[in-house]
Each structure stands twice: as structure tokens, then as C-alpha cells.
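Count residues from 1 along the sequence.
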Amino acid sequence: MPAGDQMATQLWSKLLADGAAAALVINGASVPYEVTVAFAELNVSGTAAAVKDVWTGTALAVSADGFTTTVPPMDSAFVVVTPQGRATA
């Protein structure tokens, strides 16, 4: 990623009432941005969770402690992370 583009990425998150977390990754850069988000960064308890893309409704692959997604240039990714054992919205 070009040096000037590194500051163009942001991660915003909010805990939801049911214990899940919403996360928005913004890529204002001119190149795709691959981001790995740890569940701990979102204050999601436990080590297993389901991650669902809000806009497409598809499930994202997860690892034991987070997920990775690629955000296209000048775009964003919006997901809901639900701790294991809870229903996804």
C-alpha cells in the first residue's frame, strides 16, 4: 500500500445489545486493503464467532480469534460478529 494510503483506512466498531459487535472497515486508499480483525479488538467475548456481511448476507470465513477480509479501493466492509452460541441477525 502506498505510504499516503495507509492513513486512509479506518476500523469502527460498536457493541450491540445482544453481545454481538458491528464493525465497519473503510478503505479510502487507491488499492485494495486486506485487514485482519481480532475478536478482542471488537470486545467480543470468547474465541469463536460467526461473521456476517451486512450488505450481502453472506458468512465470512473466520479463524480461531478473528477474521480477514479484503476491502476494495474507495469502499467499505460492514459486518456483524456474533459470539458462538448466539443466533445471527
- request: May I have the step-by-step check of side-chain contact (heavy atoms from CB on, under 4.5 Å) for Ile26 and Phe78, ending in yes or no?
  value: CA-CA 9 Å; Ile26 301 170; Phe78 189 27; over 6 Å; no
[atom1] of [X] to [atom2] of [Y]: how many Å apart, nearest 0.5 Å?
X	Y	atom1	atom2	answer
Glu34	Thr68	CD	OG1	6.0 Å
Thr36	Glu41	OG1	CD	9.0 Å
Leu42	Leu15	CG	CG	8.0 Å

Indicate the atoms forming the closest heavy-atom contact of [X] with [Y], along with that distance.
X	Y	value
Ala29	Ala8	N-CB, 3.6 Å
Phe39	Ala49	CZ-CB, 3.7 Å
Ser76	Trp55	OG-CH2, 3.2 Å
Ala20	Pro83	CA-CD, 3.9 Å

task: Could you state whether Met74 and Val25 fall into the same hydrophobic cluster, counting links through intermediate Ile, Leu, Val, Met, Phe, Trp or Tyr residues with side-chain heavy atoms under 4.5 angstrom apart?
output: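 Met74 does not cluster with Val25.
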Any side-chain heavy atom of [X] within less than 4.5 Å of one from [Y]?
X	Y	answer
Val80	Val51	no
Leu24	Ser13	no
Tyr33	Asp75	no
Thr69	Val79	no

task: Apply side-chain contact (heavy atoms from CB on, under 4.5 Å) to the pair Leu11 and Val35, showing each step before the final yes or no.
output: CA-CA 9 Å; Leu11 170 64; Val35 59; over 6 Å; no
query: Taking the side chain from Asn27 and the backbone from Val71, do they hold a donor-acceptor pair closer than 3.5 Å?
result: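 Between the backbone of Val71 and the side chain of Asn27 there is a qualifying donor-acceptor contact (under 3.5 Å).
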